[in-house]
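Both backbone and side-chain heavy atoms feed into the values below; hydrogens, waters and symmetry mates do not. One-based numbering along the sequence shown.
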Amino acid sequence: MNAKRLTTPMEKVQQLQEKLGHAAKANKKRRFHALYDKVYRQDTLWEAWRRVRANKGAAGIDGQTIHEIEEMGIHAFLRDCEQRLRENRYQPQPVRRHYIPKKDGKQRPLGIPTVRDRVIQMATKLVIEPLFEADFQDCSYGFRPKKNAKQALDRVRKACNRKGNWVVDVDIQGYFDNINQDKLMKLVEMRISDRRVLKLIRKWLYAGVMEEGTVKRTDLGTPQGGVISPLLANIYLNYFDYLWEKHGRNLGELTRYADDFVIVCKTKKDAERAMRLVYSIMERLELTVHPTKTRLVGLWAGTEGFDFLGMHHRKTKAETSKVQVYYTTQQWLTQKAEQHIRDVVKERLAPPSARVLSIQDHVEWLNPKIQGWRNYYGTPYGTKKMVKLDWYILQRFCKWYAKKRQKRRWQSVWHEVKAMVKVSGLRALVG
């Protein structure tokens, strides 16, 4: 029987990734030298374009948007990318700096590469990711294929329930901005010997950031907002994962999601030793552990807990059917996550401009978000908080409708609005 013919770029890229992944797993010391031509293959570039387009995103410093590329012709755009790479003419542009205001009055810096740079970074990521996936540890969950935050949370909960009474809660100070680029490249070179691919990665590292008309370059950090940045960040911290598995595995169970990680230990003594080992490995990586945000948490008494990936973890008393008391780890959304949900709903319904829209418009916009929150934060122990948020969403709809109808008191429209959102199909966080 003939094998299935691969017809789409996605299928062809998946086959390429499987071959590279198998080869990397078969020989842990193998360095790959013939990769560059796979980056500018048309099927690789088409799949890279599909993923970049799906992620949307704004224009970089050249001002070229995804929509403009579509209008000019995707085929011509990708052919140009291929020729630039094939002829070694491709030169990445600096990342456009954009600031988003934070609640505390400070500003969060974001980096926006050009669409061309995002596509070529994605194509490179598609080719090299399987090589490093073969080396990544099971404790790592962030920005990896078939891995997610829910799996990381489940691992932490189970570790705590296996007599894990002490937690090392670690915060790395400015991780993505402080990665040592020379050390990062040495880790990349452990799997890749293709000079043109290595040169490509170095170009992105050294491209810099455009801010107020001036290009600023640095010897530290990964490309701001770059598609390939999470993979490079994982490659760098995989060294930490490897050393932990080698020297610290007997002290506690590590769970890492990008630069956010916790270690669940059975005793305080193990937790203290684990903390010292974390500091030692981070020193090797030239990273700084945040002095105030990093702490030891004692879970055994149920008096304190810790936040990880948007969920608060705490041990609480429970009883068996035979009225035997035991402690179990419960998870519910953090105060920060709860406030974020409130802010999203308020920013949608509170502005005067929201009054010109219909209730159906708002329901259709909110429903996917409500479903996402429910899928992620919905736990048996978070029901009370989720019920309060459902009430808050309904209250916000009442205030919106009262303003729209020029009513003085939003309470007066409560029953009317409750019936309207039901008819409109508003989803709930609980129920």
Side-chain angles (χ1 to χ4, degrees), residues 32-53 55 57-98 109-129 176-177 179-182 184-186 188-189 192-233 235:
F32 291 76
H33 64 277
L35 298 172
Y36 190 73
D37 61 320
K38 296 171 179 63
V39 173
Y40 61 71
R41 269 176 27 175
Q42 273 294 302
D43 53 2
T44 309
L45 289 170
W46 270 102
E47 175 60 11
W49 163 260
R50 185 186 70 80
R51 296 192 184 197
V52 169
R53 183 180 180 278
N55 291 335
I61 64 169
D62 62 353
Q64 191 175 46
T65 65
I66 289 172
H67 180 66
E68 287 172 347
I69 291 170
E70 289 176 322
E71 284 189 331
M72 289 187 293
I74 302 165
H75 187 80
F77 170 76
L78 295 180
R79 181 65 66 185
D80 182 53
C81 290
E82 178 191 351
Q83 288 176 349
R84 291 188 189 206
L85 287 167
R86 188 190 292 272
E87 298 166 10
N88 295 314
R89 291 188 295 108
Y90 168 68
Q91 190 65 38
Q93 293 183 273
V95 169
R96 178 168 71 87
R97 175 75 86 199
H98 177 68
L110 291 180
I112 306 174
T114 65
V115 177
R116 184 186 303 279
D117 289 338
R118 298 207 295 271
V119 169
I120 294 176
Q121 282 188 29
M122 180 65 81
T124 306
K125 177 177 178 284
L126 289 171
V127 173
I128 71 172
E129 187 174 55
F176 287 90
D177 295 329
I179 293 173
N180 183 299
Q181 293 176 354
D182 292 333
L184 170 61
M185 288 308 302
K186 285 179 181 177
V188 172
E189 287 166 13
I192 298 173
S193 58
D194 189 322
R195 290 185 179 181
R196 290 184 295 178
V197 172
L198 294 172
K199 187 177 179 182
L200 202 55
I201 295 171
R202 285 194 186 95
K203 281 182 178 180
W204 289 319
L205 291 174
Y206 304 152
V209 177
M210 174 74 79
E211 195 167 7
E212 296 178 356
T214 306
V215 177
K216 298 178 181 177
R217 292 185 170 85
T218 175
D219 297 329
L220 296 172
T222 57
Q224 289 280 340
V227 172
I228 204 165
S229 185
L231 174 60
L232 297 177
I235 291 169

R50, CZ: over 12 other non-hydrogen atoms inside 6.0 angstrom
yes

Considering only heavy atoms from C-beta outward, does the side chain of T44 approach that of V39 to under 4.5 Å?
no

Look up atom CH2 in W204 and atom NZ in K199, then write down how far apart they are to the nearest 0.5 Å.
13.0 Å

So, using side chain to side chain donor-acceptor pair (under 3.5 Å) as the criterion, who are the partners of R51 when residues are at least two apart?
E47

Distance, nearest 0.5 Å, that separates CG of D219 from CD1 of I179:
14.0 Å

Can you find a heavy atom in the side chain of V215 that is under 4.5 Å from one in the side chain of P94?
yes

Salt-bridge contact R96-E211 (side-chain N to carboxylate O under 4.0 Å):
no

Would F77 and L45 count as a side-chain contact (heavy atoms from CB on, under 4.5 Å) if you check the C-alpha gap in whole Å, the side-chain angles of each, and the deciding distance to 0.1 Å?
CA-CA 10 Å; F77 170 76; L45 289 170; over 6 Å; no

Which heavy atom in V197 sits nearest to a heavy atom in I128, and how many Å separate them?
CG1-CG2, 4.2 Å

For R195, is the CZ atom crowded, meaning more than 12 foreign heavy atoms sit under 6.0 Å from it?
no

What's the verdict on side-chain contact (heavy atoms from CB on, under 4.5 Å) for M72 and Q64, showing C-alpha distance, side-chain angles and the deciding distance?
CA-CA 11 Å; M72 289 187 293; Q64 191 175 46; 2.9 Å; yes

Enter the distance from K38:NZ to D43:CG here, rounded to the nearest 0.5 Å.
11.0 Å

Hey, is R116 close enough to D80 for a salt bridge, meaning N to O under 4.0 Å?
yes

From M122 CE over to R53 CZ, what is the distance, rounded to the nearest 0.5 angstrom?
14.0 Å

Is the shortest side-chain heavy-atom distance between I61 and I112 below 4.5 Å?
no

When every non-hydrogen atom of S193 is compared with those of H33, the smallest separation belongs to OG-CB, 3.3 Å

For Y40, what residues pass the ring-ring contact (aromatic ring centres under 6.0 Å, His included) criterion, not counting sequence neighbours?
Y36

Can you tell if the side chain of V115 reaches within under 4.5 Å of the side chain of H67, non-hydrogen atoms only?
no

So how far is it from Y206 OH to Q181 CD, rounded to the nearest 0.5 Å?
5.5 Å

Answer yes or no: is there an ion pair linking K186 with E189, defined by an N-O contact shorter than 4.0 Å?
no

Return the minimal non-hydrogen interatomic distance between A48 and A123, and the atom names on each side.
CB-N, 3.5 Å

Answer whether the closest heavy-atom distance between the side chains of L232 and P223 falls below 4.5 Å.
yes

Got L184 and T222 here, is their nearest side-chain heavy-atom distance under 4.5 Å?
yes

Side-chain touch M210/R97, heavy atoms, less than 4.5 angstrom:
no

Can you see which heavy atom on V119 is nearest to which on L78, and at what distance?
CG1-CD2, 4.1 Å

Sorted by chain and number, sequence neighbours left out, side chain to side chain donor-acceptor pair (under 3.5 Å) with T124 holds for none

Sub-4.5 Å side-chain heavy-atom contact between I74 and E70
yes

Contact summary for Q121 and I228, nearest pair of heavy atoms:
OE1-N, 3.1 Å

I'd like to know if the side chain of E68 reaches the main chain of T65, judged simply by a donor and an acceptor atom lying under 3.5 Å from each other, with no hydrogens or angles considered.
yes

Can you tell me how far the OH atom of Y90 sits from the CD1 atom of I120, to the nearest 0.5 Å?
4.5 Å

